[in-house]
*Asks:* 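Sharing a structure with you now.
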Amino acid sequence: MSMTLNELKQRLIDIAKRFKDVRFATSLAAEDMVITDAISKAGANIKLFTLATGRLHQETVDMVNTTEDRYGILIEKVYPKDDDVQAFIDQYGMNGFYDGEEPKKACCGARKIKPLNEALAGAKAWLTGQRREQAVTRSDLPLRELDDARQIAKYNPLFDWSESDVWAYIDHYKVPVHPLHLQGYPSIGCEPCTRAVKAGEDIRAGRWWWLQQDSKECGLHVK
């Protein structure tokens, strides 16, 4: 396991050396907690932020405080603009995302994509907790890619990690765990759009479960 930590630390240090302004979008889920732990251990100059969508589980909101206390860091909370949220509600209704792919994209656009754009303004590179194993849409995920939309570098430091690698790291280093993981949620997003998964289901099956099986992305990670 120490080999894995050293390798991950080196990846993070290399990224932070290569770019002047690196930011990490954390959802407080298992992968992101591993990266947060490794950033702390590596002393890498990487700023953390989270998308405070206004529809998160209380457990996720609480995890921000837990993480800040554990690592002595500040996680920037990036909120959606009231006007953008209101425009969505006016057009589709508060929970209109249940009506199909377009309203779902519109809600994610207002609550996640626009705030992400704001959070990454001026950044030279950003990090995600994505892994190849997570979904069919991520099977070719590289360590480094170009974020076409923002024309900056995007890194996936855990791209080649397995689910068992993630949990072995968490167990070994006593990394704080999001309570919903212990209730059958392998993937955690907004409260209305995330459910626990059943045995044998794909780990992204609990996200936007009312839509077709392969549309499990909000737009943050789609080229």
Side-chain angles (χ1 to χ4, degrees), residues 12 15-16 19-89 94-95 97 104-130 147 149-150 152 154-158 170 175-181 183 185 187-194 206-208 217-222:
L12 295 169
I15 295 164
F19 298 95
K20 191 169 150 194
D21 186 345
V22 183
R23 302 177 198 177
F24 171 43
T26 176
S27 69
L28 294 307
E31 288 82 1
D32 294 346
M33 292 306 298
V34 166
I35 294 172
T36 300
D37 187 82
I39 287 172
S40 176
K41 286 182 165 71
N45 184 22
I46 296 171
K47 298 173 192 159
L48 279 74
F49 69 89
T50 193
L51 300 176
T53 66
R55 300 300 301 267
L56 299 176
H57 299 81
Q58 185 59 43
E59 291 90 339
T60 302
V61 176
D62 293 343
M63 268 301 285
V64 175
N65 299 329
T66 299
T67 306
E68 289 180 330
D69 291 346
R70 167 69 182 268
Y71 297 106
I73 56 173
L74 188 67
I75 300 173
E76 184 189 358
K77 293 93 185 159
V78 184
Y79 298 93
K81 289 198 161 48
D82 291 343
D83 289 352
D84 292 335
V85 171
Q86 193 58 51
F88 170 81
I89 295 170
M94 176 64 89
N95 294 328
F97 41 79
K104 170 239 180 181
K105 279 183 178 169
C107 189
C108 289
R111 293 186 183 273
K112 296 173 85 172
I113 311 300
K114 282 190 173 182
L116 179 71
N117 291 341
E118 190 177 311
L120 292 177
K124 302 302 180 192
W126 69 293
L127 310 182
T128 87
Q130 293 184 103
D147 180 337
R150 300 166 192 88
I152 61 174
K154 177 178 175 183
Y155 283 87
N156 309 297
L158 301 183
I170 285 170
V175 176
V177 175
H178 196 302
L180 290 181
H181 283 317
Q183 297 172 35
Y185 289 72
S187 179
I188 299 165
C190 288
E191 190 274 331
C193 302
T194 312
R207 304 295 293 277
W208 308 290
E217 303 286 0
C218 60
L220 293 182
H221 302 304
V222 174

*Asks:* I need the minimum non-hydrogen distance between I35 and P157, along with the two atoms involved.
*Replies:*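 Heavy-atom minimum between the residues: CD1-CG, 3.9 Å.
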*Asks:* With heavy-atom distances below 4.5 Å as the criterion, would you say the side chains of V175 and Y71 are in contact?
*Replies:*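 Yes; the side chains approach each other to less than 4.5 Å.
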*Asks:* Hey, are the side chains of I73 and I39 touching, using non-hydrogen atoms and a 4.5 Å cut-off?
*Replies:*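 No, too far: nothing below the 4.5 Å cut-off.
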*Asks:* Between atom OG1 of T26 and atom CG of L51, what is the distance when rounded to the nearest 0.5 Å?
*Replies:* 9.5 Å
*Asks:* Say you draw a straight line from SG of C107 to CH2 of W208; how long is it, rounded to the nearest 0.5 Å?
*Replies:* 10.5 Å
*Asks:* Atom CE in M63, atom CD in Q58: separation rounded to 0.5 Å?
*Replies:*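 M63 CE to Q58 CD: 13.0 Å, rounded to 0.5 Å.
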*Asks:* Please find the pair of heavy atoms, one from C190 and one from T53, that lie closest to each other, and give the distance.
*Replies:* SG-OG1, 3.1 Å
*Asks:* Has T36 got a side-chain atom pairing as donor or acceptor with D32's backbone, closer than 3.5 angstrom?
*Replies:* yes
*Asks:* Step through the shown structure and confirm whether more than 12 heavy atoms of other residues, nucleotides or ligands are within 6.0 Å of CG on D69.
*Replies:* yes
*Asks:* Looking only at heavy atoms, what is the nearest atom pair of P115 and G109, with distance?
*Replies:*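 What the structure gives for the nearest pair is CD-O, 4.1 Å.
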*Asks:* If you round to the nearest 0.5 Å, how far is CE of M33 from OG of S27?
*Replies:* 10.0 Å
*Asks:* If you count heavy atoms of other groups shown closer than 6.0 angstrom to NZ of K114, is the number above 12?
*Replies:* no
*Asks:* With side chains defined as the heavy atoms from C-beta onward, is the minimum distance between V22 and F24 less than 4.5 Å?
*Replies:* no
*Asks:* Can you check side chain to side chain contact (heavy atoms under 4.5 Å, CB included) on K124 and I152, steps first, answer last?
*Replies:* CA-CA 6 Å; K124 302 302 180 192; I152 61 174; 5.8 Å; no
*Asks:* Would you say the ring centers of Y185 and H178 fall short of 6.0 Å from each other?
*Replies:*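 Centroid separation for Y185 and H178: 6.0 Å or greater.
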*Asks:* Where is the tightest heavy-atom contact between I75 and E68, given as atom of each residue plus distance?
*Replies:* N-OE2, 2.9 Å
*Asks:* Taking only Lys NZ, Arg NE, NH1 and NH2, and the carboxylate oxygens of Asp or Glu, determine whether E76 and R23 approach each other closer than 4.0 Å.
*Replies:* no
*Asks:* Salt-bridge test for R111 and E191: reply yes if a basic N is under 4.0 Å from a carboxylate O, no otherwise.
*Replies:* no
*Asks:* So, taking the atom named CG in L12 and the one named CG in N45, what distance separates them when rounded to the nearest 0.5 Å?
*Replies:*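 It is 12.0 Å, given to the nearest 0.5 Å.
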*Asks:* Name all pairs fulfilling the salt bridge (Lys or Arg N to Asp or Glu O under 4.0 Å) condition that reach into residues 46-66, sequence neighbours left out, sorted by first residue then second.
*Replies:*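 Sorted result for residues 46-66: D21-K47.
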*Asks:* Under 3.5 Å, side chain of H181 to main-chain N/O of A30, donor-acceptor pair present?
*Replies:*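 A pair under 3.5 Å: yes.
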*Asks:* What closest approach, in Å, do L116 and F49 show between heavy atoms, and which atom pair accounts for it?
*Replies:*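 Between these two residues, the closest heavy atoms are CD1-CZ, 3.6 Å.
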*Asks:* In terms of heavy-atom contacts, does NZ of K81 have more than 12 from other residues, nucleotides or ligands at under 6.0 Å?
*Replies:* no
*Asks:* State, to 0.1 Å, how close P176 and R70 come at their nearest heavy-atom pair, and which atoms those are.
*Replies:*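 That closest heavy-atom pairing would be CD-NH1, 3.2 Å.
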*Asks:* State the CG-CD1 distance between L56 and I188, to the nearest 0.5 angstrom.
*Replies:*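 Spacing of CG (L56) from CD1 (I188) equals 10.5 Å.
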*Asks:* Check the orientation of F97 and F88. Use parallel for under 30°, tilted for 30 to 60°, and perpendicular for over 60°.
*Replies:* parallel
